[in-house]
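Computation of the quantities below employed the complete heavy-atom set of this structure, encompassing side-chain atoms and omitting hydrogens, waters and symmetry-equivalent molecules.
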Amino acid sequence: VVARPEGRAAFIRSAISYLRTHNFDGLNLAWEYPGQNGSPSSDKERFTLLVTELSKAFEDDAKDNRKTQLLLSANVASFRSTIDRAYEVEKIAHPLDFINVMTYDYHGHWEGVTGQNSPLYRSSVDSGSHVHHNINSSISHWLALGAPSEKLLLGFPTYGRTYRLTTGASGLGAPSNGPADAGPYTRTAGFWSFYEICNFDSGAIVEWIPEQEVPYATYGSSWVGYDDKRSYSSKVQWMTNNNLGGAHVWTLDMDDFGGYFCADGTYPLINHLRMPSPLTPTTTKAPTTTRDPVAEFCSGRPNGLYENVSDKTTYFQCFQGNTYLQRCQSGLIYWDSCKCCNWP
Ligand SMILES: *[C@@H]1O[C@H](CO)[C@@H](O)[C@H](O)[C@H]1NC(C)=O
Ligand SMILES: *[C@@H]1O[C@H](CO)[C@@H](O)[C@H](O)[C@H]1NC(C)=O
């Protein structure tokens, strides 16, 4: 697809046609990875060309057809060596709207000792290049290479990676010889979906890794490093402190989508993740005499999007009584008829 200009042009034409036909909002590229796994090293530059040409074509398509511009995003690597070989970071950052950093699969049963799937920080048992196998290190690298923080989306896994313990040891770095048994539903050795983890019976021992801010559990000789609501909260806090653009999830269907397993409603992890921090915290110390009219807007209103009559380039998003003032892309205004931003 990327080797020649004609190949890229054909792909871009067919992508736009497909996206418009089916009313998609945009395109996400998931290539693991340019310049690796059989892709020649010149694909690093060709990936930049693909992204740049896609962005230009999306811009023209929006102008020509007076439609909201299609979004362009990409799933990208989290290991430093892979990032360096695959991307011209500064050059792809501008044309991309979002950069989904795949901040998971940092450790797995292939390593022979236990490690957490998606830790926030390094652990004291990490050595060599493994000191970089964590979210803090990956995102630091993306930022150092020139990625704007507001375009980076942190990857939240809804699964854990499993190991079979071989000795009495069960902590981080304990010897293992492969994956635990496949989960009863996902039926693939090496990982368990959150809905296969959350309902562990009393035989499981859950431990928190304070230095990495993520949990693991042992169940007989099975070991799983996974994410729960507490680790999601830690990561959201970290994401906010570092001014990242937001989150993406791998995957929707590994959360307890039907609410059958965790006794915590549907999508317990993702619903926990999407709980926004309020525009003005409800616990604000501001005296009640200076109530903020913007922050009050959603009080008593159902969840949803609302017109801001005094400024059509913005709109209100109400969620659980909290108000979020949102802004349309430049040149667009909010239309209540479609609950979307579009041309005036
Ligand atoms: C997080 O990354 C930064 C930048 O690389 C580093 O200075 C800091 O020590 C890291 N924090 C932890 C707790 O590892
Ligand atoms: C509409 O948006 C502006 C900010 O663009 C805000 O200052 C104003 O208060 C909003 N209108 C209402 C009714 O809250």
Side-chain angles (χ1 to χ4, degrees), residues 102-126 130 133-135 155-238 249-275:
M102 295 188 281
T103 43
Y104 34 75
D105 299 338
Y106 283 109
H107 296 282
H109 63 82
W110 53 86
E111 289 177 348
V113 295
T114 57
Q116 224 282 350
N117 178 47
S118 181
L120 200 38
Y121 303 107
R122 62 170 290 191
S123 87
S124 48
V125 306
D126 287 331
H130 279 201
H133 291 197
N134 59 76
I135 292 170
F156 283 69
T158 53
Y159 65 97
R161 288 213 162 267
T162 69
Y163 299 77
R164 168 80 53 214
L165 299 169
T166 50
T167 65
S170 65
L172 217 48
S176 73
N177 66 350
D181 290 343
Y185 302 97
T186 52
R187 297 200 218 163
T188 308
F191 74 92
W192 290 337
S193 65
F194 183 66
Y195 66 81
E196 291 167 322
I197 294 170
C198 67
N199 64 347
F200 272 149
D201 63 31
S202 52
I205 300 163
V206 175
E207 300 278 357
W208 180 254
I209 309 170
E211 57 183 356
Q212 302 195 292
E213 298 196 28
V214 279
Y216 72 87
T218 54
Y219 190 70
S221 64
S222 302
W223 194 102
V224 60
Y226 63 104
D227 274 83
D228 60 7
K229 286 194 196 175
R230 183 177 172 192
S231 67
Y232 267 37
S233 289
S234 291
K235 291 175 182 184
V236 166
Q237 187 64 56
W238 186 91
V249 171
W250 186 268
T251 62
L252 297 178
D253 59 0
M254 290 194 283
D255 196 357
D256 188 12
F257 56 89
Y260 305 123
F261 293 92
C262 309
D264 197 14
T266 58
Y267 295 104
L269 283 181
I270 295 165
N271 274 319
H272 185 69
L273 173 62
R274 80 187 185 111
M275 286 281 285

Can you measure from [atom1] ([X]) to [atom2] ([Y]) and round to the nearest 0.5 angstrom?
| X | Y | atom1 | atom2 | result |
| --- | --- | --- | --- | --- |
| Ser118 | Lys235 | OG | NZ | 3.0 Å |
| Glu213 | Gln116 | CD | CD | 11.5 Å |
| Thr158 | Tyr104 | OG1 | OH | 9.5 Å |
| Asp105 | Trp110 | CG | CH2 | 5.5 Å |
| Asn177 | Thr166 | CG | OG1 | 5.5 Å |

Legend entry - Aromatic centroids of Tyr260 and Tyr195 separated by under 6.0 Å: no
Inset, instruction - For this output row, return yes or no: ring centroids of Trp223 and Tyr216 closer than 6.0 angstrom. - result: yes
Inset, instruction - Step through the shown structure and confirm whether more than 12 heavy atoms of other residues, nucleotides or ligands are within 6.0 Å of CH2 on Trp250. - result: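 No, not enclosed.
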Inset, instruction - Applying side chain to side chain contact (heavy atoms under 4.5 Å, CB included), run through Tyr163 and His109 and close with a yes or a no. - result: CA-CA 5 Å; Tyr163 299 77; His109 63 82; 4.2 Å; yes
Legend entry - Donor-acceptor pair, side chain of Thr114 and main chain of Gly173, under 3.5 angstrom: yes
Legend entry - Main-chain N/O of Gly155 paired to Thr103 side chain as donor or acceptor, under 3.5 Å: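 Confirmed, Thr103 side chain pairs with Gly155 backbone.
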Nearest atoms (heavy-atom pairs only) where [X] meets [Y]:
| X | Y | result |
| --- | --- | --- |
| Gly203 | Tyr219 | C-CD1, 3.9 Å |
| Pro157 | Asp227 | CG-OD1, 3.3 Å |
| Ala180 | Thr162 | N-OG1, 3.3 Å |

Inset, instruction - Classify the side-chain pair Ser233/His272 by whether it contains a donor and acceptor separated by less than 3.5 Å. - result: yes
Inset, instruction - Test side chain to side chain contact (heavy atoms under 4.5 Å, CB included) on Tyr106 and Ile135 and set out the steps. - result: CA-CA 9 Å; Tyr106 283 109; Ile135 292 170; 4.1 Å; yes
Legend entry - Residue that, paired with Asp126, satisfies side-chain contact (heavy atoms from CB on, under 4.5 Å) out of Gln212, His133, Glu211: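 Only one option passes, and that is Gln212.
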Inset, instruction - Identify which one of Trp192, Phe194, Tyr267, Tyr185 satisfies the ring-ring contact (aromatic ring centres under 6.0 Å, His included) criterion when paired with Phe261. - result: Tyr185
Inset, instruction - Indicate yes or no: at least one non-hydrogen side-chain atom of Arg164 is less than 4.5 angstrom from one of Pro179. - result: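 No, too far: nothing below the 4.5 Å cut-off.
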